[in-house]
Amino acid sequence: YILLALCVALLTIAPDYTAFGSQSRPTSGEPGALPGRCSLTKDDSVQGCQVSVITAFFIRISLSMPIFSVAYFFANWAFIAVFVLVFLRGFCQQRQPFIDTAQEFEEEEELGLLAFS
């Protein structure tokens, strides 16, 4: 399950790299033109670019069972919302001072319970 979650996270974080890796599309035939990177955007032509097996697998799952994609989308936003709320609470909350342990052991020291002799 960890590998599956990692693959889904990579598709979310870096979709172009996960889909195509380090492939580059061929040049348009102009002399001196540099090859471009393969991209998932619709305005780029992806002729000559081959989608990775992991991306093809997850695209097939997403198209056949869209409820998982919707659930993943809302789970990401729920995580972000909880993270922001906890961060803001921790940022705005007053810090409590550390408990002074000297006062706690003072009574026991008077009774001789903490004597080291």
Side-chain angles (χ1 to χ4, degrees):
Y1 294 115
I2 293 173
L3 186 61
L4 184 67
L6 181 64
C7 291
V8 171
L10 281 174
L11 282 168
T12 305
I13 295 169
D16 286 341
Y17 184 76
T18 307
F20 299 109
S22 61
Q23 293 182 48
S24 59
R25 62 186 147 103
T27 59
S28 58
E30 298 175 10
L34 296 173
R37 300 268 322 193
C38 294
S39 177
L40 291 173
T41 57
K42 291 182 181 180
D43 55 337
D44 281 346
S45 64
V46 290
Q47 296 174 353
C49 295
Q50 190 173 22
V51 178
S52 68
V53 175
I54 293 173
T55 303
F57 174 71
F58 281 110
I59 287 173
R60 242 183 282 143
I61 289 175
S62 297
L63 292 176
S64 64
M65 295 177 280
I67 189 70
F68 292 120
S69 299
V70 172
Y72 183 72
F73 175 78
F74 285 115
N76 277 336
W77 280 108
F79 173 77
I80 291 170
V82 168
F83 179 81
V84 167
L85 289 174
V86 169
F87 179 76
L88 289 176
R89 180 176 178 254
F91 187 71
C92 296
Q93 186 178 13
Q94 298 250 343
R95 295 195 186 263
Q96 297 178 357
F98 291 112
I99 298 173
D100 190 16
T101 57
Q103 293 175 358
E104 191 175 310
F105 296 123
E106 199 171 282
E107 182 180 317
E108 294 170 357
E109 188 176 348
E110 289 174 3
L111 297 173
L113 296 175
L114 293 178
F116 294 109
S117 57

Query raised in the report: Hey, any chance Ile61 and Val8 share a hydrophobic cluster, counting ILVMFWY side chains that come within less than 4.5 Å of each other, even indirectly?
Result: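 Linked, Ile61 and Val8 end up in one cluster.
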Requested in this report: State plainly whether one hydrophobic cluster holds both Tyr72 and Phe57, where clusters connect Ile, Leu, Val, Met, Phe, Trp and Tyr through side-chain heavy atoms under 4.5 angstrom apart.
Outcome: yes
**Report entry** Minimum side-chain heavy-atom gap Phe58-Thr18 below 4.5 Å
**Finding:** no
Requested in this report: Flag the pair Phe73 / Trp77 as yes when at least one side-chain heavy-atom distance between them is below 4.5 Å, and no otherwise.
Outcome: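 A side-chain contact under 4.5 Å exists here.
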Counting only heavy atoms not in [X], do more than 12 fall under 6.0 Å of its [atom1]?
X     : atom1 : value
Leu10 : CG    : yes
Tyr17 : OH    : no
Ile67 : CD1   : no

Query raised in the report: From Leu63 CG over to Ser69 OG, what is the distance, rounded to the nearest 0.5 angstrom?
Result: 8.0 Å
Query raised in the report: If you round to the nearest 0.5 Å, how far is CG of Leu11 from CG of Leu6?
Result: 10.0 Å
Report task. Let me know which of Val84, Val86, Ile80 forms a side-chain contact (heavy atoms from CB on, under 4.5 Å) with Val82. Result -> Val86
Requested in this report: Would you name the heavy atoms of Thr55 and Ser52 that are closest together and state the gap between them?
Outcome: OG1-OG, 3.0 Å
